[in-house]
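One structure below.
Numbers restart at 1 for each chain; the letters A, B, ... are given by sequence-line order, proteins then strands.
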Number of protein chains: 2
Amino acid sequence: MSIAVENFIKAIYKNDKHDGNDTKPGNIAKKLGISNAAATDMAKKLASRDLLNYEKYQELRLTEKGSKMALNIVRKHRLWEALLFKLFDMSLHEIHREAELLEHQTSDFLANKISAYLGNPKFDPHGDPIPNESGEITTVDNSIPLSKTQAGKSFVISRLMSDDKEFFDFCALHGLKYGNRIMVTNQFQNNKMTQISINHNTILLNEDFTNIIYVNEIN
Amino acid sequence: MSIAVENFIKAIYKNDKHDGNDTKPGNIAKKLGISNAAATDMAKKLASRDLLNYEKYQELRLTEKGSKMALNIVRKHRLWEALLFKLFDMSLHEIHREAELLEHQTSDFLANKISAYLGNPKFDPHGDPIPNESGEITTVDNSIPLSKTQAGKSFVISRLMSDDKEFFDFCALHGLKYGNRIMVTNQFQNNKMTQISINHNTILLNEDFTNIIYVNEIN
DNA sequence: AAATATTTTTAAGTTAACTTAAAATAAAAT
DNA sequence: ATTTTATTTTAAGTTAACTTAAAAATATTT
């Protein structure tokens with residue numbers, strides 16, 4: 001499959017999974033930086049290849065085959081991130097940027113080699129789960145975004161759900177890292193602002209960030 | 001640059017460097033599995049981008065800019081081979097196959113990371129030199145093909161100049177590996193057949209192989 | 001040196017992946 | 001409920017990277 005097709009399928013998968021937007025051509029087009037017309041064309045084409053279901057003016061839905069494909073690409077992306085993060089001194093943003101390219105030129109054979117080398121990890125350095133060779137994500141994720149937490153409780157960071165350099169720079173600066181421990185000290189303005197304590201520092205986060213930082217409570 | 005352009009430039013570079021054929025569109029086309037017409041078109045296009053010099057019916061010659069580009073791709077290819085070979089249990093053929101894809105999706109930034117991780121190696125697992133970031137190959141190569149050696153002398157294998165699976169399988173089977181020591185026991189039929197001794201075994205090689213196995217004499 | 005074969009080039013056409021502009025439909029606002 | 005706005009679709013066109021077929025030039029053979 002071409003890179004364009006792979007990115008299209010992946011964009012649908014991600015939109016479905018995480019983003020609130022409905023999965024229509026326009027939203028996918030926006031993500032990929034292409035025109036709406038191009039997205040509609042691509043949707044029709046992929047429907048004819050049984051990768052997604054397309055009905056005029058309706059949302060796009062991946063077929064079983066399409067989902068498998070998306071998960072395979074996501075797997076490769078996350079394995080690359082895990083490998084690059086382990087071997088080299090690279091930031092979360094940098095590993096993401098490189099994985100975005102490498103994922104499309106990676107055989108299943110090589111993906112399995114990487115996975116085995118890393119001890120078949122279940123999560124990448126962002127805390128995102130790595131699908132297995134069959135496209136299954138076995139691990140259950142009970143984590144919640146920081147914006148949904150209660151003041152006074154302690155948590156471990158489980159996911160940093162972003163592609164954004166600024167966000168990762170901020171995280172690196174304050175020690176916000178997969179696996180690190182934090183305490184929520186205050187919630188303000190109906191959870192629009194969250195105050196946390198990490199490494200004996202207190203920082204205040206707004207919604208933009210607390211919606212993409214996922215945590216698990218420590219009992 | 002697109003993958004098609006990169007492969008075209010690389011094919012010219014390699015043809016120039018190693019293969020006896022003249023560097024005309026037809027020979028490049030054959031290597032890339034495209035039509036002669038496509039190669040001519042591409043040659044014209046790349047000439048307009050100052051990557052090569054093109055004159056009707058003449059050989060193609062890379063410009064300074066084109067050579068730099070070729071060496072940059074070759075660098076990435078060989079760094080990937082070195083990394084994959086070190087980390088994973090993969091054959092020379094397999095690392096080549098994967099590097100062939102990865103080389104086109106590798107930033108200079110990542111290439112430098114790989115190089116540093118490996119200790120800025122000067123050679124890849126085939127014994128091919130790895131250009132530095134500026135496209136320079138500093139190491140002098142005095143090695144000669146096995147077909148040019150004299151019986152009775154001892155050598156170290158310095159390069160296995162091939163992309164072919166069969167060849168690498170043969171090499172693996174007999175311990176013909178970069179850095180390994182051999183002795184040339186006989187040359188037959190005007191060097192068309194070469195008998196060598198390796199690991200206490202005697203094997204007979206024909207021209208096809210002795211022209212692509214390079215060695216350095218041990219004094 | 002002429003005839004033949006091969007290679008290169010030109011010409012015309014295809015496909016994937018886009019674009020812009022206009023028409024059709026759906027969603028939102030009054 | 002109707003109008004306005006936004007989105008989706010269709011239509012027509014572009015570019016890169018190919019193809020095949022025929023014409024032009026070069027190489028090879030006799």
Side-chain angles (χ1 to χ4, degrees), chain A residues 1-16 19-62 65-66 69-70 73 100-101 103-105, chain B residues 1-16 19-62 65-66 69-70 73 100-101 103-105:
Chain A
M1 289 295 151
S2 71
I3 294 177
V5 168
E6 291 194 349
N7 280 331
F8 196 86
I9 293 287
K10 195 178 69 162
I12 294 176
Y13 175 82
K14 287 201 150 184
N15 197 73
D16 250 32
D19 310 342
N21 328 324
D22 50 14
T23 308
K24 286 185 177 174
N27 282 321
I28 304 303
K30 211 170 288 169
K31 288 202 180 188
L32 297 175
I34 61 176
S35 68
N36 285 8
T40 300
D41 279 2
M42 184 63 100
K44 283 187 195 169
K45 189 171 75 181
L46 299 192
S48 80
R49 292 196 208 168
D50 193 31
L51 289 166
L52 54 81
N53 295 125
Y54 172 75
E55 281 180 87
K56 272 192 190 182
Y57 300 106
Q58 301 308 119
E59 290 197 53
L60 308 175
R61 295 272 300 143
L62 293 179
K65 193 172 156 197
M69 191 177 183
I73 303 162
E100 204 68 11
L101 300 176
E103 63 185 8
H104 304 294
Q105 306 293 346
Chain B
M1 291 294 153
S2 71
I3 294 176
V5 168
E6 291 193 350
N7 280 331
F8 197 86
I9 293 289
K10 197 178 66 162
I12 294 175
Y13 174 81
K14 288 200 148 186
N15 197 72
D16 251 31
D19 309 343
N21 326 324
D22 49 13
T23 309
K24 287 185 177 174
N27 281 322
I28 304 304
K30 210 169 291 169
K31 288 203 181 190
L32 296 175
I34 61 177
S35 68
N36 286 9
T40 301
D41 279 2
M42 184 62 100
K44 283 187 194 168
K45 190 171 74 181
L46 298 193
S48 81
R49 294 194 206 167
D50 193 31
L51 289 166
L52 54 82
N53 295 124
Y54 171 75
E55 282 180 86
K56 273 192 191 182
Y57 302 105
Q58 301 308 119
E59 290 197 53
L60 308 175
R61 296 273 299 145
L62 293 180
K65 192 173 157 198
M69 191 178 183
I73 303 162
E100 204 69 11
L101 300 176
E103 63 185 9
H104 304 295
Q105 306 294 347

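Side chain of Asn27(A) to backbone of Asn21(A): no donor-acceptor contact under 3.5 angstrom is found. Under a 3.5 Å cut-off, the side chain of Glu59(A) and the backbone N or O of Thr23(A) do form a donor-acceptor pair.
Look at CG on Asn21(B): it is 15 Å from P on dA27(D), rounded to the nearest Å. Look at NZ on Lys44(B): it is 7 Å from P on dT9(C), rounded to the nearest Å. Here dA16(D) presents its P atom at 17 Å from CD1 of Ile3(A), a figure rounded to the nearest Å. The interatomic distance linking Leu51(B) (CG) with dA16(D) (P) rounds to 14 Å, in whole Å. Following rounding to the nearest Å, Leu46(B) (CG) and dA16(D) (P) show an atom-to-atom distance of 12 Å. The distance between atom CD1 of Ile28(A) and atom P of dC18(C), rounded to the nearest whole Å, is 14 Å. Note: CD1 (Ile34(B)) to P (dT20(D)) measures 12 Å, nearest angstrom. In this structure, Asp22(B) atom CG and dT26(D) atom P are separated by 14 Å, rounded to whole Å.
Closest approach to the Ser35(A) side chain among dT9(C), dT19(C), dT25(C) is made by dT19(C) (side chain taken as heavy atoms from C-beta onward). Distance from the side chain of Ala4(A) is smallest for dC18(C) among the nucleotides dT9(D), dT9(C), dC18(C). Closest to the side chain of Ala37(A), from the set dA21(C), dC18(D), dT10(C), is dA21(C).
Mapping Asn36(B) and Gln58(B) onto DNA chain D via the closest heavy atom, the residue that lands nearer the 5' end is Asn36(B). In terms of position along DNA chain C, the nucleotide closest to Tyr57(B) lies nearer the 5' end than the nucleotide closest to the other residue of the pair Tyr57(B) and Tyr57(A). Of the two residues contacting DNA chain C, namely Tyr54(B) and Ala39(A), the nearest-nucleotide position lying further toward the 5' end is that of Tyr54(B).
Contact between the side-chain N/O atoms of Lys56(B) and the OP1/OP2 oxygens of dT26(D) is not found at any separation under 4.0 Å. Between Lys24(A) and dA27(C), a side-chain N or O to OP1/OP2 separation shorter than 4.0 Å is present. Within the 4.0 Å cut-off from OP1 or OP2 of dT8(D), not a single side-chain nitrogen or oxygen of Thr40(A) is found.
Of the charged side-chain nitrogens involved, none lies within less than 4.0 Å of a carboxylate oxygen, so that Arg61(A) and Glu55(A) do not count as a salt-bridged pair.
The distance from the CD1 atom of Ile9(B) to the CD1 atom of Ile28(B) is 10.0 Å, given to the nearest 0.5 Å. Atom NZ of Lys10(A) and atom CG of Leu32(A) lie 9.0 Å apart (nearest 0.5 Å).
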